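Read the numbers this way: they start at 1 and go in the same order the structure lists the ligands and their atoms. No experiment lies behind these values; they were computed from the predicted model shown. For the numbers below, each heavy atom of this structure counts, side chains included, while hydrogens, waters and symmetry mates do not.
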Amino acid sequence: MLKKIKPSVLSIIWAAILLPAMSKAQDHYTAEQRRAWLDKAEASKPALIETEKRPVRLVKLEADPSAFQGWKTVPAGDMESLYSRSFKQQSGTVVDFGEHLTGYFTFTIKSIRNFSDAPLRFKLTFGEVPAELATPFDPYPGGLSRAWLQDETVTITELPATFTLPRRVAFRYLKIDLLGSSGGFDFVISDMKFKAVSSVSTQPEPLQPGTSALISKIDATGLATLKECMQTVYEDGPKRDRRLWIGDLYLESLANTYSFKNHQLTKRCLYILAALAQQDGFLYASTFETPQLHAQEGQSFLFEYALLYNVALKEYLMATSDRETALDLWPVARRQMDNIARHLDSKGLFQPESAQKEGWWLFVDWRDGLDKQASLQGIMIYTMKETIELARKLGKEQEVATLPPLISKMTAAARTSLYDAKSGLFLSGQSRQVSYASQSWMVLSGVASKAQAQKAMKALATSKNAVKPGTPYLTHYYVAALIQSGLHQEARALVENYWGGMVNKGADTFWEAYDPDNDKLSPYNFFPVNSYCHAWSCTPVYFIRKYPDIFR
Ligand code: RAM
């Protein structure tokens, strides 16, 4: 007799995730492959470590044109001065937890005169930076959901009460406004605490003796950023968007390899992305963990993030020697290469308009007006080379035999069509635009010879109209290109000025977008909705620790 098999909860969940994928025809991967990848992703899920934190002081917000975004905090007393007096006179108090935290906030409210005869209502506003607490949120002009902003209305109907906000918040400062109370009683707030969460459990090695104070501070700020973003996946930002993006994963995993060494988390993320790939085998740029693992399906195909997956996998293999995982995921990496030749002209030059017509998203950086052609040409060549390297390590070279001639063709096309020998700069698109992005990717891809690379990098400094990076994401590749060009002092100066600039403006964690000349730069038309603890900004950790001779 056949035994009835009771489906486990896990297999029901798997079925919910996999069935839609299996029902459509022609999946590039088998259902078994996807199931095994999900199982491995779940097996590598880290436990979150909880730490109790308490606020350290009260602060006052002060307008100051010389402060970051025009606002700073100044000390305004200790916690006892808040806890020991009626809160009715203290509405608007700002509490400083002393560091950036991600997790769950709890506070207690107690009556000090009479029984409460009416509910109390508070507005709690959590901010990563001071200006977030001083800028009115409404009418909201931002391009992303207003609900990302961390202002919460809390109503307490009975005292005494200990209340935990269900929403996970990411912040350093908390402002408490009293929105409603009756005259019939009085109360105090006390015992604020915070359950901070992160999956980081290790301490990185100390930096080499003799490392400068500024570099040490930049490294510490990068580590704090990375720790906050390392949850049960590499999140892009614990305040926003709280999801796994390939581009962020790649840079976070580089920094992790040189610091916390939590390779299981990298493995988990690589498997999640593989298991949730599109039917045609190409990767979604971002995924969520709840209510069940799923990809952000409505989003445009982010071409270069799919390509960068391969580099992340290669780096993972180099860091861990985990051939089993790399071999398991090799078919995914191999597949990403099949898009390279899709939008090239006959010479081998990338045609961004054609890709965009197909609905592809070409990102490179959040800087309006950036022409992406030269950058994409470079990223494609760079990721092909890295994929060949990965194939070599796995004994799969014959599977990428078409790539070396494609690299030669595309390199020749870039040299003929994008290089301006007179200025020594690479020019992008029909407008022949000069940008930091184009030079960086032409260098990293090896299109530029070493002499050309040095010339291009130096020419940028005097090129008035060059389009500058708007994010630490692109600045990461700019630093990498300077190092590859042998311009080590320039690379160090860039890290000191750019990330050091954030530190000098009071950063506890590194920001998603940063333009030294425009504190309020926002990809979303409203700077308070920017993320001020952003994964892709943590990479000085990688540079400082990988190249101690440059960054001491
Ligand atoms: C931002 C996200 C993420 C990035 C994408 C392209 O909105 O925060 O960091 O990878 O853009």
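- Residue-ligand proximity, Y305 to ligand 1, at heavy-atom distances under 4.0 Å covers atoms 4 (C), 6 (C), 10 (O).
- Annotation: side chain of F350 is in contact with side chain of L362 (closest heavy-atom distance under 4.5 Å).
- In terms of polar-atom proximity, W245 is not counted as a contact of ligand 1, lacking any N or O under 3.5 Å from an N or O of the ligand.
- When only interatomic distances are considered, the shortest N/O to N/O separation between H534 and ligand 1 falls below 3.5 Å.
- Atoms of ligand 1 lying under 4.0 Å from any heavy atom of R240, numbered from 1 in the order shown and given with element: 7 (O), 8 (O).
- Within the listing of ligand 1, atoms 2 (C), 3 (C), 8 (O), 9 (O) sit less than 4.0 angstrom from a heavy atom of D236.
- Of all protein heavy atoms, the one closest to atom 4 (C) of ligand 1 is W536 CZ3, 3.3 Å.
- A donor-acceptor contact shorter than 3.5 Å is absent between the side chain of E252 and the backbone of M230.
- Those atoms of ligand 1 with a heavy atom of D241 less than 4.0 angstrom away are 2 (C), 7 (O), 8 (O).
- The aromatic rings of H476 and Y542 sit tilted relative to each other, their planes meeting at an angle between 30° and 60°.
- Between D236 and R243, no side-chain nitrogen of the basic residue sits less than 4.0 Å from a carboxylate oxygen of the acidic one, so the salt-bridge criterion is not met.
- More than 12 heavy atoms of other shown residues, nucleotides or ligands fall within 6.0 angstrom of atom CG in D138.
- Residue contacts with ligand 1 leave out Y473, since none of its heavy atoms falls under 4.0 Å from the ligand.
- In this structure, the protein non-hydrogen atom closest to atom 7 (O) of ligand 1 is Y524 OH, 2.9 Å.
- Environment of NZ in K468: sparse, with no more than 12 heavy atoms of neighbouring residues, nucleotides or ligands closer than 6.0 Å.
- Annotation: cation-pi geometry not satisfied between R167 and F126 (NZ/CZ under 6.0 angstrom from ring centroid, within 45° of ring axis).
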